[in-house]
Amino acid sequence: MSSHKFLTLDDVETSNKRIFLRVDINVPLDPSTHQILDDTRIKAISETLHRLEDAKVVLGSHQSRPGKDDFTNMQPHAEALADCCNQEVLFVEDVIGPHARERIAKVERGQVLVLDNLRFCAEENVDNIPEKLLKTHFVKQLSPLFDLNINDAFATAHRSQPSIVGLTDALPSAAGRLMERELKAVSALLIEPRRPCVYVLGGAKVEDKIPVIENILGGVPAKLFLKATDKKISPDDEKDLAGLQTHITKAKSLWMKYKERIEVPLDLAYGDTRGKRTDRDIDAPLKESALDIGTKTVEKYSKVVAGAGTTVANGPLGVFERDGFDLGTKQVLEAMARSNGYTVIGGGHLVGLASILGIDEQFKHVSTAGGAMLSLLSGQSLPGVDALVRAAERMRNQKPN
Ligand code: 3PG
Ligand code: MG
């Protein structure tokens, strides 16, 4: 058995077994054509698929969530998978209904059947406790059809949902290769990292980043900390921060405690009336929201990254999709790529940009996860991994000593 607390593909017999393979191939899609814009997450599961070449594989993933433009079926994913693995890939327009169950029963050795978007089932959209997940219709309908469950969805391991936790509790279960690789690389950041350690935390979701800062300390969703340290911010940025009072209070107390370990911008970039970039020192904001860190800040942050033993980045540093406002995100990513330290990036935006820049291979680890990586860095355990650990304990208890 492997040295992990959970089982891996080295510990289980897979040949000719009927396997439910949970992956996260939730990818950016063109909103109107539903064409796949970035296939990083699809390519990332190829090692696991290759390992399961002589099994009967039924693959399940979600795509986006209800209400969003890219909440759609998995047909494009099945086609993309067929291009990247050597197996025959089939698709069924159903998840747990009679049509899906009939097709699952007929999957042959060497075939991969892709189920439709798991979140088309209402139960899959609700986080719940493991006992309740075990009793879902989802788990009751699917679990009797499989010999083994493999969870390779690291990017969804922070969700306590039927396909992540319920099936893992109901079936003999092990981690896939991507899950194993991601957990190893991201956990390494918490266990004796090479210092100094720099966290570059950008992006829009402040609420996900504060717990990381609380847990480890490092970079900062800048506007929140500028506000918390009583710096002048633009009226529109003030509006953006309305409703985040609890986080501002937390940021204030983190600042009081760890001032010397938190870097905030010296300047910010705004769009002028024609949308052209103009940089302003932080004491002279414009009315509009800032769209990027300023050039002095870019220089300062790049230096900090160059001197770091470990750098972790999650979330862009500005609205990099807009012409002229990608400078901060690009240059800090490039400084990381040049660094000799241990470098990890995560989150769809950063990873996509690194691949567009052609520098993605220069990072020590490129995570397929955004939220799951942040949960782990916040010191939280991941429900998907906890369930895999329970599955390993069940298996150990069944074996005679
Ligand atoms: C993601 O991209 O964040 C993962 O696929 C998980 O999706 P979710 O955040 O909608 O649960
Ligand atoms: Mg998410």
Side-chain angles (χ1 to χ4, degrees), residues 21-31 34 36-45 48 59-74 76-77 80-81 95 114-128 133 136 138 151-168 175-176 178-179 181-183 186 201-212 221 312-316 344-355 365-378 380-387:
L21 173 62
R22 179 46 158 114
V23 294
D24 183 337
I25 49 172
N26 172 23
V27 290
L29 291 178
D30 182 297
H34 288 165
I36 294 176
L37 301 176
D38 176 36
D39 62 359
T40 310
R41 282 181 170 176
I42 293 178
K43 287 191 181 133
I45 58 161
T48 298
L59 183 145
S61 173
H62 66 284
Q63 167 63 43
S64 192
R65 33 170 102 173
K68 297 221 171 170
D69 286 344
D70 56 351
F71 182 58
T72 180
N73 69 51
M74 304 301 286
H77 308 68
L81 270 167
V95 181
V114 178
L115 297 181
D116 216 338
N117 191 340
L118 301 185
R119 288 186 181 169
F120 286 171
C121 295
E123 288 171 328
E124 184 66 9
N125 291 284
V126 187
D127 275 50
N128 220 326
L133 295 171
T136 53
F138 186 101
N151 187 352
D152 213 19
F154 173 69
T156 327
H158 58 319
R159 305 284 180 223
S160 194
Q161 292 165 351
S163 69
I164 297 287
V165 170
L167 285 179
T168 308
L178 177 64
M179 175 71 88
R181 199 164 64 239
E182 290 265 27
L183 283 170
V186 181
L201 298 172
K205 294 185 204 152
V206 168
E207 60 279 20
D208 288 354
K209 313 285 165 33
I210 289 287
V212 179
V312 188
N314 191 308
V344 178
I345 56 170
H349 289 124
L350 271 196
V351 171
L353 185 61
S355 107
H365 182 70
V366 175
S367 178
T368 55
M373 173 175 156
L374 292 171
S375 290
L376 207 56
L377 295 176
S378 309
Q380 294 163 31
S381 70
L382 301 176
V385 177
D386 292 345

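Read the numbers this way: they start at 1 and go in the same order the structure lists the ligands and their atoms. Numbers here are sequence positions counted from 1. The analysis underlying the following values was restricted to heavy atoms, covering all of them including side chains, and did not include hydrogens, waters or symmetry mates.
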With a cut-off of 4.0 Å, which atoms of ligand 1 are near a heavy atom of [X]?
X	value
Arg65	8 (P), 9 (O), 10 (O), 11 (O)
Arg119	7 (O), 8 (P), 10 (O), 11 (O)
Asn26	1 (C), 2 (O), 4 (C), 5 (O), 7 (O)
Ala155	4 (C), 6 (C)

query: Based purely on interatomic distance, does His62 place a nitrogen or oxygen under 3.5 Å from a nitrogen or oxygen of ligand 1?
result: yes
So which heavy atom in the protein is nearest [atom], and how far is it from that ligand atom?
atom	result
atom 9 (O) of ligand 1	Arg159 NH2, 2.9 Å
atom 3 (O) of ligand 1	Arg41 NH2, 4.4 Å
atom 4 (C) of ligand 1	Asp24 OD2, 3.2 Å

Strictly by modelled atom types, are [X] and [Y] linked by a side-chain donor-acceptor pair under 3.5 Å?
X	Y	value
Thr168	Asn151	no
Arg41	Thr368	no
Gln63	Thr72	no
Gln161	His62	no

message: So does Ser160 get a backbone contact from the side chain of Asp127, meaning a donor-acceptor N/O pair under 3.5 Å?
response: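 Here the side-chain-to-backbone pair exists.
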message: Donor-acceptor pair, distance only, cut-off 3.5 Å: does the side chain of Glu124 make one with the backbone of Ser163?
response: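 Looks like yes, one N/O pair under 3.5 Å.
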Can you find a non-hydrogen atom of [X] under 4.0 Å from ligand 1?
X	value
Gly370	no
Met373	no
Gln161	no

query: Which of these, Leu382, Val385, Asp24, sits in a side chain to side chain contact (heavy atoms under 4.5 Å, CB included) with Phe154?
result: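 That would be Leu382; it is the only one of Leu382, Val385, Asp24 passing the side chain to side chain contact (heavy atoms under 4.5 Å, CB included) with Phe154.
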message: Below a 4.0 angstrom heavy-atom separation, can you tell me which part of Lys68, side chain or backbone, both or neither, approaches ligand 1?
response: neither
message: If I compare all heavy atoms of Ala157 with all of Met179, which pair ends up nearest, and what's the gap?
response: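 Taking Ala157 first and Met179 second, the nearest heavy atoms are CB-CE, 4.2 Å.
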